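Contents: one structure, followed by commentary.
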Amino acid sequence: MRIAVTIFLTDQTITPVRLARELEERGFSGLYLPEHTHIPVERVTPYPAGGELPPEYGRTLDPFVALGQASAVTENLHLGTGITLVAQRDPIDLAKQIATLDHLSGGRFTLGLGYGWNKEEAADHGVEWTTRRELVRDRMALMRALWAGQPTSYEGEFASVKASYAFPKPVRGGAPRTLVGGAAGPKLFAAVAEYADGWLPIGGRGLTESLPVLRRAWEDAGRDVRDLQIVPYAVLPAPGKLAHYAELGIEEVVLQLPPADEAGVLKVLDEYASYL
């Protein structure tokens, strides 16, 4: 099983360069980064995990800039977002950022995408909350048009693009590895089956019950279940938990690191070494 990590990198934590070098030297498979552009002070949306929103949410580094630094100082470390808030980004600009990072890293990028939870943050980006899933679907289709091998136009509900020259392209062709994050449910699983390579289940709970449902949705979409990738995300590890994932056929897990300084993060990496 490949062991990757995720962390809220901020202006107060270990740097992307230092962390990436340590991860590669220690044998971790990848680094996934979340994003929040800003956190409005006046907010009625509750924090999904309950309680007060941790301060690192308002201090998060831009994931593509940070992963670009990580790419430059590593050769094998896989790089991903967990997750990119596609609804809050211009899809033409985002397609260029993704393809550039994937190209410069030699195809090491995974696009983890999601729909968001902070209504106030999304509203400042002009996102209509009730249609955000449809907006993400539309933007993914537009980006795939830009990533196509030949100039391809796209006319969608929310945006369009003329047939264009748009290089570089994702290394593997068509799109980078794409995983959808979010809670289990028919809408989420339909999206995974339509335009992704798999699912990023946050925390990794309830997989025994949810995986058969996702596999049915995947097969109903005409896709080979052997191609479905499940990557439990932001997991606090335990030997029994990882063994259970292995029994389910899971080949990659993303462990949660604290948003700490260099000493604090390296201490946890030492503790996670037993899982490698």
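Values reported hereafter were calculated over all heavy atoms of this structure, with side chains retained and with hydrogens, waters and symmetry mates removed. These numbers were taken from a predicted model, which means no experiment stands behind them.
- By the 30° and 60° cut-offs, the orientation of the rings of F8 relative to H36 is parallel.
- Nearest heavy atom pair, residue R139 against residue A87, reads NH1-O, 2.5 Å.
- A donor-acceptor pair is defined here as one N or O able to donate and one able to accept, closer than 3.5 Å; no such pair exists between the side chain of R133 and the backbone of V136.
- For the atom pair CG (D102) and CZ (R172), the distance works out to 9.0 Å, reported to the nearest 0.5 Å.
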Evaluate L255 against V253 for side chain to side chain contact (heavy atoms under 4.5 Å, CB included), listing each step before the verdict. CA-CA 6 Å; L255 306 184; V253 63; 4.2 Å; yes

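- No more than 12 heavy-atom neighbours from other residues, nucleotides or ligands sit within 6.0 angstrom of CD on E251.
- A donor atom on one side chain and an acceptor atom on the other are found under 3.5 Å apart for T74 and R108.
- Taking a 6.0 Å sphere around NZ of K119, one finds it holds 12 or fewer heavy atoms contributed by other residues, nucleotides or ligands.
- Using a 4.0 Å cut-off between charged side-chain N and carboxylate O, E219 and R223 make no salt bridge.
- When all heavy atoms of A95 and L146 are compared, the closest pair comes out as CB-CD1, 3.9 Å.
- A continuous path of Ile, Leu, Val, Met, Phe, Trp and Tyr side chains, each step under 4.5 Å between heavy atoms, connects L111 with V192, placing both in one hydrophobic cluster.
- Listed here is the closest heavy atom pair of W147 and G174: CB-O, 3.4 Å.
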Decide yes or no on side chain to side chain contact (heavy atoms under 4.5 Å, CB included) for L101 and L67, but give the supporting numbers first. CA-CA 8 Å; L101 178 56; L67 290 171; 3.8 Å; yes

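- Side-chain rings of W199 and F189 approach one another, their centers coming within less than 6.0 Å.
- Linking Ile, Leu, Val, Met, Phe, Trp and Tyr residues whenever their side-chain heavy atoms come within less than 4.5 Å places I250 and L214 in a single cluster.
- Here the side chains of V180 and L200 are not in contact, with every heavy-atom distance at 4.5 Å or above.
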Audit row: N118, L85, side chain to side chain contact (heavy atoms under 4.5 Å, CB included) steps and yes/no: CA-CA 11 Å; N118 191 326; L85 296 167; over 6 Å; no

Audit row: Y272, F28, ring-ring contact (aromatic ring centres under 6.0 Å, His included) steps and yes/no: CA-CA 10 Å; Y272 286 175; F28 287 89; 7.1 Å; no

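- Remark: R89 engages D62 in a salt bridge, criterion side-chain N to carboxylate O under 4.0 Å.
- Geometrically, R132 engages W129 in a cation-pi contact, judged by NZ or CZ lying under 6.0 Å from the ring centre and within 45° of the ring axis.
- Counting heavy atoms from C-beta on, the side chains of R177 and Q229 come closer than 4.5 Å.
- You'll find the side chain of L104 reaches within 4.5 Å of the side chain of T100, heavy atoms only.
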The test is side chain to side chain contact (heavy atoms under 4.5 Å, CB included); show your working for L19 and L269 and say whether it passes. CA-CA 10 Å; L19 176 58; L269 289 181; 4.2 Å; yes

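- Distance check, rounded to the nearest 0.5 Å: CG of D90 to CD of Q97 gives 9.5 Å.
- Side chain to side chain, Y195 and T178 fail the donor-acceptor criterion of an N or O pair below 3.5 Å.
- For the atom pair CG of L135 and OG1 of T130, the computed distance is 11.0 Å after rounding to the nearest 0.5 Å.
- Put simply, V5 and F64 are part of the same group of oily side chains (I, L, V, M, F, W, Y) that touch within less than 4.5 Å, one to the next.
- One hydrophobic cluster holds both L236 and Y275 under the rule that ILVMFWY side chains link at heavy-atom gaps under 4.5 Å.
- Cluster membership check: L113 shares its hydrophobic cluster with L94, using side-chain heavy-atom separations under 4.5 Å among Ile, Leu, Val, Met, Phe, Trp and Tyr.
- In this structure, Y32 contributes its side chain and A4 its backbone to no donor-acceptor pair below 3.5 Å.
- Heavy atoms only, all atoms of each residue included: V171 and G107 are closest at CG2-N, 3.4 Å.
- In terms of heavy-atom proximity, A196 sits nearest to R144 at N-NH2, 4.5 Å.
- Using a 4.5 Å heavy-atom threshold, the side chains of T81 and P34 count as separate.
- Exactly one residue among H38, R43, Q88 makes a side chain to side chain donor-acceptor pair (under 3.5 Å) with E121. That residue is Q88.
- Here side-chain hydrogen bond (donor to acceptor under 3.5 Å, both in side chains) pairs that include residues 148-170, with residues two or more places apart or in two chains, are D138-Y154.
- Under a 3.5 Å cut-off, the side chain of K96 and the backbone N or O of P91 do not form any donor-acceptor pair.
- Side-chain contact between T6 and L31 is absent, with no heavy atoms from C-beta onward closer than 4.5 Å.
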Under 3.5 Å donor-acceptor pairs involving side-chain atoms of residues 205-212, not counting sequence neighbours:
unit_1: T208; atom_1: OG1; unit_2: H244; atom_2: NE2; d: 3.1
unit_1: S210; atom_1: OG; unit_2: G206; atom_2: O; d: 3.0

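- Heavy-atom minimum distance, A191 versus Y115: CB-OH, 3.2 Å.
- Side-chain atoms of T13 do not come within 3.5 Å of backbone N or O of P259 as any donor-acceptor pair.
- From E24, atom CD reaches atom OG of S29 across 11.0 Å, with rounding to the nearest 0.5 Å.
- At a threshold of 4.5 Å between non-hydrogen side-chain atoms, the residues T110 and P176 do not count as touching.
- Under a 3.5 Å cut-off, the side chain of T84 and the backbone N or O of V86 do not form any donor-acceptor pair.
- Side chain of E35 to backbone of L61: no donor-acceptor contact under 3.5 angstrom is found.
- Remark: the H125 side chain and the T37 side chain contain an N/O donor-acceptor pair separated by less than 3.5 Å.
- Annotation: R137, atom CZ; neighbour count of heavy atoms from other residues, nucleotides and ligands within 6.0 Å does not exceed 12.
- When side chains are defined from C-beta on, T60 does not count as touching L9, because their heavy atoms never get closer than 4.5 Å.
- Using a 4.5 Å cut-off on side-chain heavy atoms (C-beta onward), R18 and L266 make contact.
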